[in-house]
Undergrad: 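This is the structure, below, for whatever I ask next.
Below, chains carry the letters A, B, ... as their sequence lines are ordered, and counting in each starts from 1.
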Amino acid sequence: MTEDILYSIRNLTVEYRTRAGSVQAVDNVSLDIRRGEILGLVGESGCGKSTLGKALMRLHTGPARITNGELWFDGRDLMTLSDREMPDVRGAEIGMVFQDPMTSLNPVQKILDHLTETIHTHEPETSAAAARTRAEELVERLGIRRERLNEYPHQMSGGMRQRVMISLALALRAKLVIADEPTTSLDVIVEAKFLDLLRELQKEFGLTILLITHNIGVVAEVADRVAVMYAARMVEVGDVRDVFADPKHPYTQGLLRSVPNIKLDGGELYKMDGAPPSLLHPPKGCRFHPRCPFAMGICSVEEPSLDAVENDHLASCWLYRDVAVKQEARNG
Amino acid sequence: MSPIAIIALIIGIPSLLLLAYVFVRGSTGLRRYILTRIVLTLPMIFILATMVFFILRILPGDPVSSALGPKGTPEMIQSIRTQLGLNDPLIVQYGRFLWSMVTLRFGNSLVGGHRPIVDEMSERFPATLELIVPASILALLVGVYGGALAAAKRKRALDFSLRIYSVVIYSLPIFWFGLVLQLFFGVRLRWLPISGRIDAVIGTSLKTITNIYSLDALLTGNWPAFFSVLQHLILPTLTLGLILSGVFVRMTRINVIETMQADYIAAARARGIRERVLIYGHALKNAMIPVITLIGLQVAILLAGAVLTETVFSWPGMGSYLVERISARDYTAVQSVITVFAMLVALISLAVDVIYSLVDPRVRY
């Protein structure tokens, strides 16, 4: 492949230890994030998309653990870094924007101090004045007046706080920004403005953005490519136009059909049967087969791999495999 | 100038400055809040003083018979009672008492040399101040630092030891803990003195200005006296300070742990900020907000603890004075001490509230 890949996730598994047993919230997932793109990661609640986002910065604490996988970021495997080295990557090379801007800023710290602290953590040699100037230029670029840097988080609106979160991710010119449901707690108008800003920044700074969301409309609006997750597995990855025009995986098809249409011409909205499986006891074979309208014999036996169906369009579904391959899998 | 006036200045000037600062810089809401609090404090002190006045009169015994003991004939007792005004109607005595409180003159003692209460307190109050200030500082240092440390080492040996320490120390009776320290460091090891504020011989060389001996010794450059004062301070300060620290350890620990779960800590971690800075910088500062409230609530317990500590260590402060005068049924002295304690509690909790609003930018009164 000729594409320039910034972050290559290989066979990543993240496990949560619970009282009922261990749960793979992300199960053997591989994904490439290309330099300069906006990659939308969609899936329903609990499918593991946020866990995946955190794992990219090795941010897990407590019961979660990365049990397997390689995280090749810009030429090196982050899994080989020690716990002391990891904080140097966080914030400086990979930035993160969290879901709830109301709770993601320290309530007793001024906005300015958030920014200068981040700058000084990674560049201790920067003078206080220089850090201040950088912070001012950055927030003005994002449409916040510099005087507001002296305010506390509670004095700002939700949209403004989310822009502060972005400025924090950009303070050190991070190459990759992971935005985990960044617009979920914003209203539609602020959301639209925020997405425009994200687009602009991506062009201006040559940013790479991983946009994690359950809102497929947001992905359609801003993403270049889209990755679909279902029950801890990656089910489909492709260019956003290809996936929306011609979804391959039955789950993606169902997902797209259940989005309300503004024309309201189709009568009743499509509803997928069943519910996502419990990750404690996932179904054998393809995890979607109990709900899949096209399920075949093999689907409940063997798991399909994530392979190219068309050029640059991957799906993990038996519908697109040769009969011979299926036969072989069934016998072998 | 009398010692108590100097101390009033030492406490009063900073608190006036703080008030002035708040009134100039603070919001109108904060100003109104402080005024309301001050106004509400007055009826509180009035009710408390009234209760003390009547409870003392209900108690069996009176100052004259306890002073004279079995020697006193009924005639003698009656004549002294009349002389002291104790035979006046209760309502007259009550009125006289209230007036002496309003004018802050407190009246004269009913026992011994019938000295003015103000004079007696100006000897006793500085001693209490000299005890409770270092004890509170010790309690906060041990409590806050210990709590943060326990949170940082959560579920490890240090955390468990600190938690056991906090429960044990919190449940120890002060007088018992004081006695154990006396026995060990004073009697067994002979390292430290077990009673009084200063060595009797060295004490004669100390010129008193404020009656806060350590301060006086520093002001007059009397080093032997200063070190003797410090030696005498160690055990009472440890007793009172450590016992109070237990609740601060627990409170700080649980608040730091809770704050570490907050989204903004996860966000700060995602910016590469190190765990140490997260705990001792970000989380601890947020965790201090409820702890500051606790400081306000602990003031009363601090004073109650001072009464016990002073009794155990023969520390001539307000606490031992109170105990002495309760058994002597010195009505005026007891009423005055309790009223002063009430004012102190009200003043400090007001100060804590003001500090609270300065620490937490979200607080709006």
Undergrad: Could you check whether atom CD of E258(B) has more than 12 heavy atoms from other residues, nucleotides or ligands sitting under 6.0 Å from it?
TA: no
Undergrad: Of all the residues in residues 261-273 of chain B, which have a heavy atom that comes within less than 4.5 Å of a heavy atom in chain A?
TA: D263(B), Y264(B), A266(B), A267(B), R269(B), A270(B), R271(B), G272(B), I273(B)
Undergrad: With a 4.5 angstrom heavy-atom cut-off, which part of M102(A) approaches chain B: side chain, backbone, both or neither?
TA: neither
Undergrad: Answer with side chain, backbone, both or neither: which region of T121(A) has an atom nearer than 4.5 Å to a non-hydrogen atom of chain B?
TA: side chain
Undergrad: With chain A as the partner chain, list the residues of residues 281-308 of chain B whose heavy atoms fall under 4.5 Å from it, by residue number, and write 'none' if nothing qualifies.
TA: H282(B), K285(B), N286(B), I289(B)
Undergrad: Is it the side chain or the backbone of E117(A) that comes within 4.5 Å of chain B heavy atoms, both, or neither?
TA: side chain
Undergrad: Between D83(A) and R274(B), does any NZ, NE, NH1 or NH2 come within less than 4.0 Å of an OD or OE carboxylate oxygen?
TA: no
Undergrad: Side chain, backbone, both or neither: which part of I178(A) has a non-hydrogen atom closer than 4.5 Å to chain B?
TA: neither
Undergrad: How about Y152(A): does its OH atom have over 12 heavy atoms from other parts shown lying under 6.0 Å from it?
TA: yes
